[in-house]
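Notes for the one structure printed next.
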Amino acid sequence: MNRKCKVNFAVPALLAVLLAGCSAGGGAVHDPGVLAGAVGTPAAAPVLALPASVKVQEGVTATFLMPSATLAAGRSATWSISGTDAARFKIDAATGALSFRQAPDTARPADADAHNGYDLVVKASDGQRGTQAPLKVLVLPWNDGGAAGLPLPLVAREVARPAGTTGRPGLRVLDWAGFKAAVSYTFDDSQPSQIEHYPELKAQRVRVTYYINPAGNRYPNYDATWKDAVAQGSEIGNHTTHHCRAAELTDNDSNTCPAGLGSAGAEFDDTDNYIRTNIGQSAVWTMAYPFGDTDYKAAASRFLVARGVWPGMTAPGTASDALNLPITGFPGDPSTPGGDPVSTFNTAVDKALGRGRWMIYLFHTVLPAPTQNWGGGEDIGVITGNMVYAKSFGTMWIDSVVNIGAYWRGQQLLQAATPSTSGGVTTWRWTLPANFPAGRKLRVVVDGGALEQNGTPLSWDRHGYYEVSLDAQSLRWTR
Ligand SMILES: [Zn+2]
């Protein structure tokens with residue numbers, strides 16, 4: 001019990017709320033200067049509800065924290081910040097809405113000790129008395145947690161664990177891991193300009209998917225680039241070794257696909273083998289059809305999801321065709337050498353957020369492409385500018401096709417599972433399909449009670465969910 005909390009024991013009616021404030025607020029301190037200046041009625045000082053620390057993904061410019069204060073009757077709070085890194089933030093004096101002045105970048109930390117942990121002090125004043133508390137803001141890179149990591153959705157207010165009222169689990173899986181929408185950046189053909197612009201793409205620290213054709217491994221830095229992409233958490237996907245049309249593989253015409261391996265399955269298996277052996281990715285889970293040719297029927301038994309080229313977006317939790325995911329594609333207008341402007345891509349982000357859908361971009365040549373321009377190019381600044389835009393909201397899940405695809409299909413699995421109930425315990429069981437990546441999680445909510453997997457209780461996350469391991473293939477709820 002700290003001294004400042006003890007002082008307030010003189011006001012018994014407020015004891016409970018003050019105790020709550022003292023424990024929840026951590027290092028809350030009532031401003032002694034303001035306290036000393038108060039004369040007349042000894043009104044209670046504001047009580048802050050403020051976490052000791054918050055984690056946010058880099059790039060966010062939206063409000064990431066809305067603190068609250070309990071005030072004496074008839075008073076309103078004025079919010080302010082101070083402390084070591086306060087200059088990097090702005091706070092709305094009336095609402096307390098806290099945000100970064102400039103999007104934080106983990107590669108260029110702007111906090112005083114350059115550890116991506118920003119220290120500030122948040123204060124609420126009612127005009128007579130003030131209360132302040134320290135806050136640490138931890139900024140995470142988008143590829144935090146490696147290939148199977150799940151980013152954190154922006155939650156400005158701590159989400160309380162739902163209380164049990166119905167006596168039923170009321171299990172629901174959050175769409176898109178708690179984000180409003182999702183986006184994947186895919187790059188086809190292992191085009192040389194993608195390798196040339198890899199440093200700029202890497203600097204975004206966004207997990208993306210490169211659909212490669214290993215027949216192109218004569219290009220400089222081929223294996224080294226894809227190996228580094230895997231190390232950064234990105235995905236290497238299968239686009240077949242020789243990029244032919246499916247029918248050309250079996251037409252016995254040496255003019256159409258001279259180096260083709262004779263079947264779609266052989267093309268897939270050769271590329272899978274290349275990715276595992278030469279690139280070092282543990283497995284291959286997703287593919288993109290060359291020319292969007294869905295006659296590659298051998299994809300069904302080999303991949304969790306496959307990306308087509310038809311225009312559209314994917315809804316959460318639905319059983320739409322996992323073997324022909326749509327794209328939000330912009331073919332790159334030949335009359336505009338840099339391709340479409342960033343505003344076109346940013347409008348697509350707005351649309352996905354508005355509709356709560358998963359959007360997949362498809363890029364080919366990345367401009368400027370000094371050595372090889374295969375047409376349909378988009379400027380690197382437009383692509384990275386769109387990534388910056390997507391990050392700024394904190395509500396858009398940016399990730400590889402395998403990560404979002406596994407969540408999307410995992411949600412379908414759990415939602416389709418028929419639970420069994422016995423003695424107040426409800427159990428869901430599911431079986432992961434073939435080609436499902438290991439280590440993936442779902443984010444779920446239940447109406448009170450307790451969740452566990454393999455005898456281990458799941459803990460509530462203040463972002464508003466429990467994290468369920470898909471590998472466990474079962475989940476128990478106790479009333
Ligand atoms: Zn292609």
Side-chain angles (χ1 to χ4, degrees), residues 184-198 201 208-219 222-223 225-226 229 234-251 256-261 263-275 278-279 281 284-300 302-312 321 323-334 339-340 359-367 369 371-378 380 383 400-402 405:
S184 296
Y185 293 81
T186 68
F187 298 83
D188 281 20
D189 310 335
S190 32
Q191 214 277 346
S193 66
Q194 297 166 11
I195 296 174
E196 287 159 353
H197 287 291
Y198 176 73
L201 293 169
V208 304
T209 300
Y210 296 98
Y211 286 113
I212 71 166
N213 308 110
N217 71 353
R218 63 187 177 279
Y219 301 126
Y222 193 87
D223 287 359
T225 299
W226 312 135
S234 284
E235 176 193 14
I236 307 301
N238 194 316
H239 199 40
T240 75
T241 299
H242 295 98
H243 205 291
C244 299
R245 294 178 193 280
E248 294 171 347
L249 293 164
T250 53
D251 64 2
T256 52
C257 185
L261 299 175
S263 73
E267 285 281 327
F268 286 141
D269 294 346
D270 187 64
T271 298
D272 270 11
N273 187 50
Y274 191 94
I275 293 171
N278 293 56
I279 311 302
Q281 185 170 279
V284 184
W285 309 278
T286 81
M287 67 83 63
Y289 298 99
F291 306 107
D293 180 0
T294 52
D295 280 342
Y296 274 92
K297 302 299 181 194
R302 287 172 170 80
F303 302 102
L304 178 70
V305 297
R307 200 216 67 213
V309 295
W310 64 282
D321 192 354
L323 290 172
N324 192 12
L325 295 173
I327 59 166
T328 300
F330 303 100
D333 182 354
D340 297 278
M359 168 173 67
I360 302 177
Y361 287 125
L362 163 54
F363 297 103
H364 291 101
T365 302
V366 181
L367 301 172
T371 59
Q372 295 204 41
N373 186 340
W374 297 355
E378 294 293 349
I380 182 64
I383 299 169
S400 59
V401 173
V402 62

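One is the number of the first residue; the rest follow in order along the sequence. One-based numbering, in listed order, for ligands and for the atoms of each. Side chains are part of it too, since the values below use all heavy atoms of this structure and drop only hydrogens, waters and symmetry mates.
Ring pair Y222/W226 is perpendicular by interplanar angle, where above 60° counts as perpendicular and below 30° as parallel.
Partner of S184 under the side-chain contact (heavy atoms from CB on, under 4.5 Å) criterion, chosen from I360, T286, T328: I360. The residue from W285, Y274, F303 that alone fulfils the side-chain contact (heavy atoms from CB on, under 4.5 Å) condition with N238 is F303.
Protein N/O/S atoms found under 2.8 Å from the Zn ion (ligand 1): D189 OD1, H239 NE2, H243 NE2.
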Give the intermediate values and the outcome of side chain to side chain donor-acceptor pair (under 3.5 Å) for residues H243 and D189. CA-CA 8 Å; H243 205 291; D189 310 335; 3.1 Å; yes
Please determine whether ring pair (Phe, Tyr, Trp, His ring centres under 6.0 Å) holds for the pair Y210 and H239, giving the CA-CA distance in whole Å, both sets of side-chain angles, and the decisive distance to 0.1 Å. CA-CA 9 Å; Y210 296 98; H239 199 40; over 10 Å; no
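Counting heavy atoms from C-beta outward, F187 and V208 have side chains that approach closer than 4.5 Å.
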